[in-house]
Number of protein chains: 2
Amino acid sequence: MSDKNVKYSLTFIILIIGIMDSKVRDILFTNYKHQFNHDLLEQIAEVGTYHSFPENTMLIDFGQRTEHMPLLISGAIKILREDDNGKELFLYFLEKGDTCTMTFTTAPQIISEIRAITEVRTELIMMPLEHIQKWMSNPDWQQFVFNSFTSRMQEMLEAIDTLAFMNLDQRLHKYLLEKASIMKSEVVVCSHEELALDLNTSRVVISRILKQLENKGLLVLRRGAIEVLTQLV
Amino acid sequence: MSDKNVKYSLTFIILIIGIMDSKVRDILFTNYKHQFNHDLLEQIAEVGTYHSFPENTMLIDFGQRTEHMPLLISGAIKILREDDNGKELFLYFLEKGDTCTMTFTTAPQIISEIRAITEVRTELIMMPLEHIQKWMSNPDWQQFVFNSFTSRMQEMLEAIDTLAFMNLDQRLHKYLLEKASIMKSEVVVCSHEELALDLNTSRVVISRILKQLENKGLLVLRRGAIEVLTQLV
DNA sequence: TAGCTCCTGTAACATAAGTTACAATCGGGT
DNA sequence: ACCCGATTGTAACTTATGTTACAGGAGCTA
């Protein structure tokens with residue numbers, strides 16, 4: 001578990017940060033005016049709260065309960081899965097426009113199956129779970145929910161493909177490309193140890209494979225960082 | 001690709017089999033009266049068509065388009081994923097009450113990401129995709145759709161856990177237990193070759209591990225079949 | 001500068017899984 | 001009875017990945 005740098009837990013943060021409705025409304029109308037109609041935006045603005053988290057903040061953890069659903073405004077979130085022995089596995093990144101659909105249910109609160117950690121400073125709007133269903137009569141919302149579900153499904157399928165059909169060298173390279181894309185920089189700042197945690201393997205193995213990838217000319221190794229030379233298509 | 005025994009493609013079957021509405025209504029009211037209210041049942045009965053497929057029938061394949069969504073009445077369906085090189089991977093089984101939610105979208109037709117094959121004789125009701133959204137105003141239907149999504153998510157997560165955190169011997173044992181449960185028999189009828197295809201490995205490896213499991217007393221090997229001794233919890 | 005921790009490189013070995021090759025056996029059909 | 005294909009068993013080898021151990025460098029702080 002690499003939570004040494006994880007700074008706050010969402011549950012507490014929500015209680016602390018409260019920003020007035022006007023800001024929520026502004027942000028919503030700026031970012032979602034093409035996706036949601038005016039009425040829906042107003043409704044979301046009424047119940048949603050704005051939050052901004054620094055990088056490496058754990059938003060939710062396995063088994064933790066939540067009564068909110070996040071709507072991503074900016075930044076990026078890393079989604080992880082963990083097994084009984086505490087071994088982690090990276091699943092996918094969430095970016096603007098995404099929501100954490102794992103949670104959809106009719107229950108008033110849900111128990112998280114995943115861990116979510118911000119990769120960079122991230123802004124989001126939290127909506128109480130109870131409204132998700134209520135708004136389903138709104139076609140824009142319905143579309144949004146369906147699209148979110150479908151996206152998460154696709155990402156899970158991709159995670160499965162990666163695990164089932166790719167070797168570690170390919171998985172590592174893919175991960176670095178995605179991370180570079182998320183960070184908007186070819187230089188991925190992280191240690192071999194952190195990569196090993198996300199890919200559920202050991203540091204030595206990562207070091208070995210990184211060296212191979214460097215020899216192939218796919219990247220350049222630096223201390224505490226990796227320069228990715230090839231681009232994502 | 002193990003389609004040597006796959007008998008028909010759904011696309012054709014749908015055109016061939018047409019059973020009168022009364023049967024659909026009877027089946028629906030018998031199987032779903034606790035889940036859907038009367039109005040909804042009537043609406044489903046109006047547009048749904050009943051179908052019965054023998055075991056080992058491919059219902060849908062990768063890249064294939066469909067304008068229908070199945071509602072499972074009896075039997076069991078195996079869901080598979082395939083990579084570019086034709087290598088397969090078992091994902092999970094669907095049973096009564098399930099639907100193939102991968103497909104939810106607002107588009108009038110969808111392209112399948114998975115392959116679905118009946119494990120035993122299977123009865124289902126096919127509903128045109130266009131109604132899925134229309135019915136969302138009905139709370140029972142909404143609940144059903146959400147539950148389906150959540151179930152599929154859970155199954156995908158389990159598939160990921162299995163791939164990421166378990167060795168082949170555990171995966172194989174787990175697969176056999178699930179299959180025995182689906183077939184309602186401790187004797188799983190299938191060759192080592194078929195197991196190798198579903199677990200994306202080779203026959204020799206499966207034979208080797210089966211022998212290990214037999215030595216551990218977890219199962220008994222027969223020609224063309226495996227008797228599973230331990231039960232699913 | 002000394003001491004400390006974190007990060008990286010590397011070797012040597014262990015284990016899991018994939019590959020190739022071949023033999024033996026079963027069962028169905030002619 | 002015989003043939004033949006499908007199924008299974010097994011050996012020998014390769015490759016991928018995991019494990020343990022240790023060394024050296026970078027950067028920080030006293």
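This structure is a prediction, so every number in the text was calculated from the model and none was measured. Residue numbers start from 1 in every chain, and the chains themselves are labelled A, B, ... in the order their sequence lines are given, proteins ahead of strands.
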**Q** Starting the side chain at C-beta, find the nucleotide from D:dG25, C:dC22, C:dT19 nearest to B:Val205.
**A** C:dT19

**Q** Expressed as a whole number of angstroms, how long is the span from B:Leu197:CG to C:dG18:P?
**A** 13 Å

**Q** In whole angstrom, what separates A:Leu163's CG from D:dT17's P?
**A** 12 Å

**Q** Between the base of C:dC6 and the side chain of A:Arg223, is there a donor and acceptor pair under 3.5 angstrom?
**A** yes

**Q** Between atom CD of B:Glu82 and atom CG of B:Leu91, what is the distance when rounded to the nearest 0.5 Å?
**A** 11.5 Å

**Q** So which nucleotide from D:dT8, C:dT8, C:dA17 ends up closest to the side chain of B:Ser191?
**A** D:dT8

**Q** A:Asp169 or B:Val204: which one's nearest nucleotide on DNA chain D is closer to the 5' end?
**A** B:Val204

**Q** Tell me whether the rings of B:Tyr175 and B:Phe93 are parallel (<30°), tilted (30 to 60°) or perpendicular (>60°).
**A** tilted

**Q** Measure the CG-OG1 distance between A:Leu195 and A:Thr201 for me, rounded to the nearest 0.5 Å.
**A** 10.5 Å

**Q** Distance check: side-chain N/O of A:Lys211 vs OP1/OP2 of C:dG9, anything under 4.0 Å?
**A** yes

**Q** Of all the choices, D:dT10, C:dT10, C:dG18, which nucleotide is nearest to the side chain of B:Thr201 once you look at every atom?
**A** C:dG18

**Q** Starting from C1' on D:dT15, measure out to CG on A:Asn167 and report it in whole angstrom.
**A** 9 Å

**Q** Among the nucleotides C:dG18, C:dT10, C:dT25, which one has an atom lying closest to any side-chain atom of B:Leu168?
**A** C:dG18

**Q** Report the distance from atom CD of A:Glu193 to atom P of C:dT5, rounded to the nearest whole Å.
**A** 16 Å

**Q** Is there side-chain contact between B:Ile117 and B:Leu59, with heavy atoms separated by less than 4.5 Å?
**A** no

**Q** Under 4.0 Å between any heavy atoms, over every strand shown, what does A:Arg222 touch: base, sugar-phosphate, or nothing? Just pick one.
**A** sugar-phosphate

**Q** I need the CD-P distance between A:Glu214 and C:dT8, as an integer number of Å.
**A** 12 Å

**Q** Between D:dG9, C:dT19, C:dG9, which one does the side chain of B:His192 approach most closely?
**A** D:dG9

**Q** Of all the choices, C:dG9, C:dG18, D:dG27, which nucleotide is nearest to the side chain of A:Leu221 once you look at every atom?
**A** C:dG9

**Q** Answer yes or no: is there a donor N or O on one side and an acceptor on the other, between the side chain of B:Ser112 and the main chain of B:Gly63, under 3.5 Å?
**A** no

**Q** Would you kindly give the CZ-to-P distance between A:Arg203 and C:dT5, to the nearest whole Å?
**A** 17 Å

**Q** For A:Arg208 and for A:Ala225, find the nucleotide of DNA chain C with the closest heavy atom, then tell me which residue's nucleotide is more 5'.
**A** A:Ala225

**Q** What's the CZ-P distance between B:Phe165 and D:dG18, to the nearest Å?
**A** 12 Å

**Q** Measure CD1/A:Ile209 against C1'/C:dT10 and give the value in whole Å, please.
**A** 15 Å

